[in-house]
Amino acid sequence: MALDYRKCAEEIYSHLGGKDNIASAAHCATRLRLAIVDINKVDTKALENVEGVQGVFSSNGQLQCIIGTGTVNHVYDEFLAVTGLTAASKEDVKAAAAANQPLPQRMVKTLGDVFVPILPAIVASGLMMGLVEALGKAFPGFASTDWYAFLDMVSNTAFAYLPVIVAVSSARVFGGNIFLGAVIGLLMIHSALLNGWNVGSKDAINAFFGVKNGVIPTWNLFGNAKIGNYVIGSIRRTGYQGHVIPVIISVWFMSKIEKKLHDVVPAVIDLFVTPLTTVIVTSLLTFVVIGPIFSTLETYVLEGAKVLITVGFGVGAGVMGAVYPVTVVMGLHHMYNVIEAGLLASKEFGNLNIWMPIASAANFAQFGACLAVAVKTKNPKMKTVAVPSALSASLGITEPAIFGVNLRLMKPFIAGMVGGAVGAWFGSFTHLGASAYGVTGIPGYLTINNPLVYTIELAIAAGIAFAGTMVFWHEDPADLPDAAVEKMEAPTEVAFETDKGKVMSPVNGKIVPASAIPDPMFAAETMGPSIGIEPTQGRVYAPFNGTVSMIFPTKHAIGIVSDDGIELLIHVGVDTVNMEGKGFESTVNQGDKITQGQVLLEFDRSEIKAAGYSDTVVVVITNKDALKEIKKAAE
């Protein structure tokens, strides 16, 4: 009996916790995709028992109901009629679902969205900066040449003006005007402010402000009104070179203010009122609120670090080795030069910089984690980022590795923290120290007091991080992109053998069991007997003679029926519906007759991987009840 689409939609809706609990709804080739406000209000077990629903699961903040090819679109139409919702795109649902994810996940995703576009700039600059600094320490004569000065300027430009780059990218992510974002970024490193890298140097403060006491002057914008000991509107005249988080927060506020003003300001004066007001208000928020908060945090971190390095048996050093990359993320690490300078001047520590081994362990651990990603990944784009980022981290410049690779993937970042903790503990326990500051990692050999022990420290830190990443971080299988000259021929492997005939593999590649498909519903074979194929080429071929029963609008999935009555769904990639058809082309139409070996679809594997999805092709027999015998190739 045919499914009652209206009844199915009504029953699904009745178990979702009401209309207010549904942020948006869309569908793909097989699934009804819902962004839910509070998943705890959803009766998942009841949903699984709704006639027409073949499975239910939650993925990436979305509630997905498996309904099936050729049916889901009808149920979706009825669902919109029942709920009164308007049709949404898959990207709309994805965005709504992301908004309901836990705050830490949203924060990491935001950092990734901000940093991915600017990776080429910071990877290139980080690697060059590390090399130039190493050459300057190894050859003091070279450090005094014009060539060194020129290369140093070129290499550190991206980091000296990092707030501007981050601000522009943040404005793009938050939907603000990117040029207003650039203004906020420039404001935070304005030449009227003391360079943030020199905050801890009394000589730099005295020279910049023309004072003798090493105290940074302030601007008091609202008189001497106080909250406790804090003077309201008291702005320290320091820049935010090297900072990331305060820049992102400032631009987030800027984008919110700008959007609100566009809504309320009359169009005739919007062009000058909105930008002017946005910049002034954001500037005050940045320097009056955000600035003091991070200035206070810097002070606490600095004092905490000073205390930690004195804790016995290397325990404090281990803690700092773990925390160090977190302070890099927040942009607070630039102030550690104050600690290092004090240690070199202190007889208590033998005039040795015992902080340098801690920083080296932390940085080299991030190198080890990033190197593991470079070794393990089969995604060529990830490899091209991870390899130079790892090299940069080995030279002491970790921002490319942290922001470009490890933090985005999270598990490598945590593995790096663990490696850094153990390595720093070992360095402290064995009394490592340096005779200078400013370099870590491999260039640190130029200043360290015991090169052999230092080698062991670096090996421990990087080794633990490398091993941890290799064991605990996993990536969907991926191969190199199709070679342009590679000849594409229809596969000759059999995917299924049934009592109604054979089903050939529709894609060239490695056939894997359903359990290896990186999607819980397909892996559980909810829709029917299934296999996965890890493709080596970007073409889908007809596995038998038959008819095209359905092509999804985004071209990532096709339904076909053999002349003998075998119904098949071929689904290219996992969650690739979110790509909205980008990278997919069909060579047939619904209702077309097809012959075995005929090209049905073409897909760009590099586009799929660049979008962050697995390109595993899923092949499902959807009418198993009509077949007496089914044997899968992967069994």
(request) Examine distances only and state if a side-chain atom of Ser169 and a backbone atom of Ile165 form a donor-acceptor pair shorter than 3.5 Å. (result) no
(request) Find the distance between CD (Gln366) and OG1 (Thr398) and round it off to the nearest 0.5 Å. (result) 6.5 Å
(message) Enumerate the ring-ring contact (aromatic ring centres under 6.0 Å, His included) contacts for residues 382-411, please, sequence neighbours excluded, ordered by first and then second residue.
(response) Phe115-Phe403
(request) Report yes or no: does Asp615 contribute a side-chain atom to a donor-acceptor pair with the main-chain N or O of Gly573 at less than 3.5 Å? (result) no
(request) Over 60° means perpendicular and under 30° means parallel, so classify the ring planes of Trp355 and Tyr324, tilted if in between. (result) tilted
(request) Return yes when atom OH of Tyr161 has more than 12 non-hydrogen atoms of other residues, nucleotides or ligands closer than 6.0 Å, and no otherwise. (result) no
(request) Can you see which heavy atom on Tyr13 is nearest to which on Thr83, and at what distance? (result) CD1-CG2, 3.3 Å
Which donor-acceptor pairs under 3.5 Å do the side chains of residues 264-279 make with protein atoms, sequence neighbours left out?
unit_1: Asp270; atom_1: OD1; unit_2: His262; atom_2: ND1; d: 3.1
unit_1: Asp270; atom_1: OD1; unit_2: Thr274; atom_2: OG1; d: 2.5
unit_1: Asp270; atom_1: OD2; unit_2: His262; atom_2: ND1; d: 3.0
unit_1: Thr274; atom_1: OG1; unit_2: Asp270; atom_2: O; d: 3.4
unit_1: Thr277; atom_1: OG1; unit_2: Val273; atom_2: O; d: 2.8
unit_1: Thr278; atom_1: OG1; unit_2: Thr274; atom_2: O; d: 2.6

(request) Report the C-alpha distance between His190 and Leu193 in whole Å, list the side-chain angles of each, state the deciding distance to 0.1 Å, and finish with yes or no for side-chain contact (heavy atoms from CB on, under 4.5 Å). (result) CA-CA 6 Å; His190 198 285; Leu193 305 171; 4.3 Å; yes
(message) So which atom in Phe584 and which in Val572 form the shortest heavy-atom distance, rounded to 0.1 Å?
(response) CE2-CG1, 3.7 Å
(request) Evaluate whether atom CG of Asp263 has more than 12 neighbouring non-hydrogen atoms of other residues, nucleotides or ligands under 6.0 angstrom away. (result) yes
(request) Measure the CD1-OG distance between Ile184 and Ser170 for me, rounded to the nearest 0.5 Å. (result) 11.5 Å
(message) Students often mix this up, so state it plainly: with edges at 30° and 60°, are the rings of Phe150 and Trp147 parallel, tilted or perpendicular?
(response) perpendicular
(message) If we ignore hydrogens and angles and just use 3.5 Å, is the side chain of Ser394 paired with the main-chain N or O of Leu391 as donor and acceptor?
(response) yes
(message) Would you say the ring centers of His556 and Tyr613 fall short of 6.0 Å from each other?
(response) no
(message) Any side-chain to backbone donor/acceptor pair from Asn406 onto Pro412? Under 3.5 Å, distance only.
(response) no
(message) For the CG atom of Asn363 and the CZ atom of Phe367, what is their distance to the nearest 0.5 Å?
(response) 12.0 Å
(request) Verify, without hydrogens or angle tests, whether Asn156 (side chain) and Asp152 (backbone) share a donor-acceptor contact under 3.5 angstrom. (result) yes
(message) Looking at Gly441, is its backbone amide N or carbonyl O close enough to the side chain of Ser360 to form a donor-acceptor pair, meaning the two atoms are under 3.5 Å apart?
(response) yes
(message) Rounded at 0.5 Å granularity, tell me how far CE in Met188 sits from OG1 in Thr286.
(response) 5.5 Å
(message) To the nearest 0.5 Å, what is the distance between CD1 on Ile245 and OG on Ser250?
(response) 11.0 Å
(request) Determine, for Asp575 against Arg33, whether the closest basic-nitrogen to carboxylate-oxygen distance falls under 4.0 angstrom. (result) yes
(message) Main chain of Arg236, side chain of Thr218: is a donor-acceptor contact present, judged purely on distance under 3.5 Å?
(response) no
(message) For Phe79 and Tyr76, I'd like to know if the aromatic rings sit close, meaning centre-to-centre distance below 6.0 Å.
(response) no
(request) Could you give me the CA-CA distance, side-chain angles and deciding distance for Val168 and Phe179, then say whether side-chain contact (heavy atoms from CB on, under 4.5 Å) is met? (result) CA-CA 7 Å; Val168 170; Phe179 299 105; over 6 Å; no
(message) Among residues at least two apart in sequence or on other chains, which ones pass salt bridge (charged side-chain N to carboxylate O under 4.0 Å, His left out) with Lys582?
(response) Glu607
(request) Check for a donor-acceptor pair, side chain of Lys383 on one end and backbone N or O of Ala374 on the other, with a separation under 3.5 Å. (result) yes
